[in-house]
Amino acid sequence: MNRRHEVVKENTAPSSVLPVAPSRGRLRPLGLDEVSITGGFWAHRRHINETATLGHCRDWMERVGWTGNFRAVAEGRVHRDRRGREFADSEVYKLLEAMAWQTGARTGTGLDADIAALTETLAPAQAPDGYLNTAFGNPGQQSRYSDLEWGHELYCHGFLIQAGVAQARARGEGELTKIARRAADHVCATFGRGGIEGVCGHPEIETALVELARLTGEQRYLDQAALFVDRRGHGTLADGEFGRVYYQDDLPVRRAMVLRGHAVRALYLAAGAVDVAVETGDEELLAAVVRQWEAGVARRTYLTGGMGSHHRDESFGDDFVLPPDRAYSETCAGVASVMLGWRLLLATGEPRFADLAERTLFNVVATSPAEDGRAFFYANTLHRRHRGGVPATDAPSPRAESSLRAPWFAVSCCPTNVARTLALLPAYLATADDHGVQLHQYADARITTSLTAGHAVALSMRTDYPSGGNVVVRIDGSSPARPWTVSLRVPAWTAGDTVWLTDPDGTRRAVAAGTAEVTRVFRPGDEIRLELPVRPRWVRADPRVDAVRAAVAVQRGPLVYCAESVDLPAGHDVDAIRVDPSAEPEDGPDPAGATVVVTGQVTAHETKHDGPWPYRPVDAPAAPPAAERTGIVLVPYHSWANRGPATMRVWLPAEEPDRPTPDRPTPPDSTPTAR
Ligand code: FUB
Ligand code: ZN
């Protein structure tokens, strides 16, 4: 038994508007009625999400026929008229979930009518026994559960259930919740003991059933989720094109050592396994997921937090197989990684889970949507070699095409996943326990909660993060006056720099990466100041990440930066950049963090110097001749491709040590071949 991951505390007084509501854990989540984001980076994106993305998704789903599929079922013509991939129903459910959380955050109350209209559309398609799917089981279609490997029926039911839970938590049980419960009852009746002894090719139902159990208090939903988790890994799914590892059916969850197979599948499964482990007190299962997370993060994760390096099967690569130009890093995998990290953080209280979530939120989730919230990256490459075409605006794009975000995809799982994540984002900022409030992510925000019955606290954060690193936490209220603790995550990216924390009495002390705490009888107006050293820094990869061995990247606070061809002189390209890592990267002109400038060379169209063979003996002279050294502008990775077609790279090749540069000639006694 791993004591470190023991779930120690019963959660007794949760808010009602909780995306994830474990009954036990180290930390108690706060609801969307307890935390609000009031300004800054995320407030802006949440506003765009609410005012543009939600409607955009709803309109596209109508346009491509995915909402119409439900009408086609009700009218008995779905076998003829159905549109979209087998999992298209799930996008309607994810949109409903996003809308529901937005209403829970009290800003999106105008969405109630949209939720009602969409619910009315799908309700008549539900069979009397609760089954609801537009691709299977209706007259003229393949029979129910005849293709567990690829059919996604349980996956779709899972998202339906999550939407129903979101409605219940945000606005109280409504029609959508009732539909979701009927679907869950059907799943339990069909896949429970004595039923079909199978699992879905795409995990998702597990986490949904646990959340429904948490909502309703009904044990059978939890039992069914636990059954699904334990059934996986025993080869009930066919050994298909990508092997059973693709759907994590190669090994039981408890025995697996690392995140593997299809990235989104692996991460949803891991999230569901944590949910089951927490509710059943199964420390072995929790420890197994922590072990997989550790190995996956240490050896299979991009600098951006992105996961999954295989385009072919959207899967994790082997250890250290993280090629930047083939990074798949699907947006949904980023969303799923944040979901998993949140559950692990609640269960264990360890800040490392919030560290990765921060990295992933800023560099994957925030990267996907365009500035106007109406186009999205599906794959999040770290190196784009070709400018690519402009994606169609009147038809869905293939999933990973072009350097530009596309308005919609034939497989459009990512936009709705971004939408629901942004809608529930305030819930990821902070937690509480009997002793205080823990701040995990920094944003302008207001927090009000009760630590114990009768001990209400209120605080607010003001910050320019991530442009700057100053965070001011102000105590707005504490009643009655008694000691409690404010805990602040000190991000792992600060390692090596000094982080300062100033107490309300003005005492300033250095704090280390991890968690910093201030405990006292707070008075309204008390302030705690955290000074995070946000400055551009070079980063290198473990040498086993062969693909970027001779390259460096820039990180500034939690943000990863990239070179984009639109910032280079005409006729130059990102593939012709060589940087000098001995010269520190510097902030560009205001506004803070908008650009970073590094020193290096950019030769004009290096690829034009192609010879007949791309290799040369190491002692042969390098071609082309070195260019003048210059300042090279980098921009935050999340902002790339917002200025038209461009090439881009995160990892920048370092100047070759054996290549003379105009102002730094090779010393006469150097022995380049020995380096
Ligand atoms: O299979 C459903 C979703 O479509 C997956 O999660 C994504 O990777 C995409 O393939
Ligand atoms: Zn996706």
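Below, all heavy atoms of this structure are taken into account, side chains as well, without hydrogens, waters or symmetry copies. Every number for a ligand or one of its atoms is a count from 1 in the order of the listing. Since the structure is predicted, the reported quantities are computational estimates derived from the model, not experimental observations.
Near E314, the atoms of ligand 1 lying under 4.0 angstrom from a non-hydrogen atom of the residue are 7 (C), 8 (O), 9 (C), 10 (O). Heavy-atom contacts of H152 reach the following atoms of ligand 1: 1 (O), 2 (C) (cutoff under 4.0 Å). With ligand atoms numbered from 1 in the order given, ligand 1 contributes 4 (O), 9 (C) to contacts under 4.0 Å with heavy atoms of V411. Set against the non-hydrogen atoms of V264, the atoms of ligand 1 under 4.0 Å away are 6 (O), 8 (O).
With a 4.0 Å cut-off on non-hydrogen atoms, Y268 does not touch ligand 1 at all.
Of all protein heavy atoms, the one closest to atom 9 (C) of ligand 1 is Y378 OH, 3.0 Å. Shortest contact from atom 8 (O) of ligand 1 to any protein heavy atom: E330 OE1, 2.6 Å. Among all non-hydrogen protein atoms, the one lying nearest atom 3 (C) of ligand 1 is Y155 OH, 3.8 Å. At the shortest separation from atom 5 (C) of ligand 1 among protein heavy atoms lies H202 NE2, 3.4 Å.
The backbone N or O of G68 sits nowhere less than 3.5 Å from a side-chain atom of E62 that would complete a donor-acceptor pair.
Residues D282 and R254 are paired through a salt bridge, judged by an N-O separation under 4.0 Å between the basic side chain and the carboxylate. Looking at K94 and E97, no side-chain N of the basic residue comes within less than 4.0 Å of a carboxylate O on the acidic one, giving no salt bridge. Taking the charged nitrogens against the carboxylate oxygens, R649 and E564 have no contact shorter than 4.0 Å, which rules out a salt bridge. Remark: D250 engages R260 in a salt bridge, criterion side-chain N to carboxylate O under 4.0 Å.
Of the N and O atoms on the side chains of D185 and Y221, at least one donor lies less than 3.5 Å from an acceptor on the other residue. Side-chain contact annotation: T134 with R82, donor-acceptor N/O pair under 3.5 Å present.
Screening residues 354-370 for salt bridge (charged side-chain N to carboxylate O under 4.0 Å, His left out), with sequence neighbours left out, gives D355-R489, E358-R489.
Applying the ring pair (Phe, Tyr, Trp, His ring centres under 6.0 Å) criterion to F242, with sequence neighbours excluded, gives Y246.
V276 has its side chain out of reach of F228: every pair of non-hydrogen atoms, C-beta onward, lies at least 4.5 Å apart.
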Distance-only donor-acceptor hits, side chain of residues 369-378, under 3.5 Å, sequence neighbours excluded:
{"unit_1": "D372", "atom_1": "OD1", "unit_2": "R374", "atom_2": "N", "d": "2.9"}
{"unit_1": "Y378", "atom_1": "OH", "unit_2": "E314", "atom_2": "OE2", "d": "2.9"}

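The closest approach between a heavy atom of C332 and any atom of ligand 1 is not below 4.0 Å.
Around the Zn ion (ligand 2), protein N, O or S atoms at less than 2.8 Å comprise E330 OE2, C332 SG, C413 SG, C414 SG.
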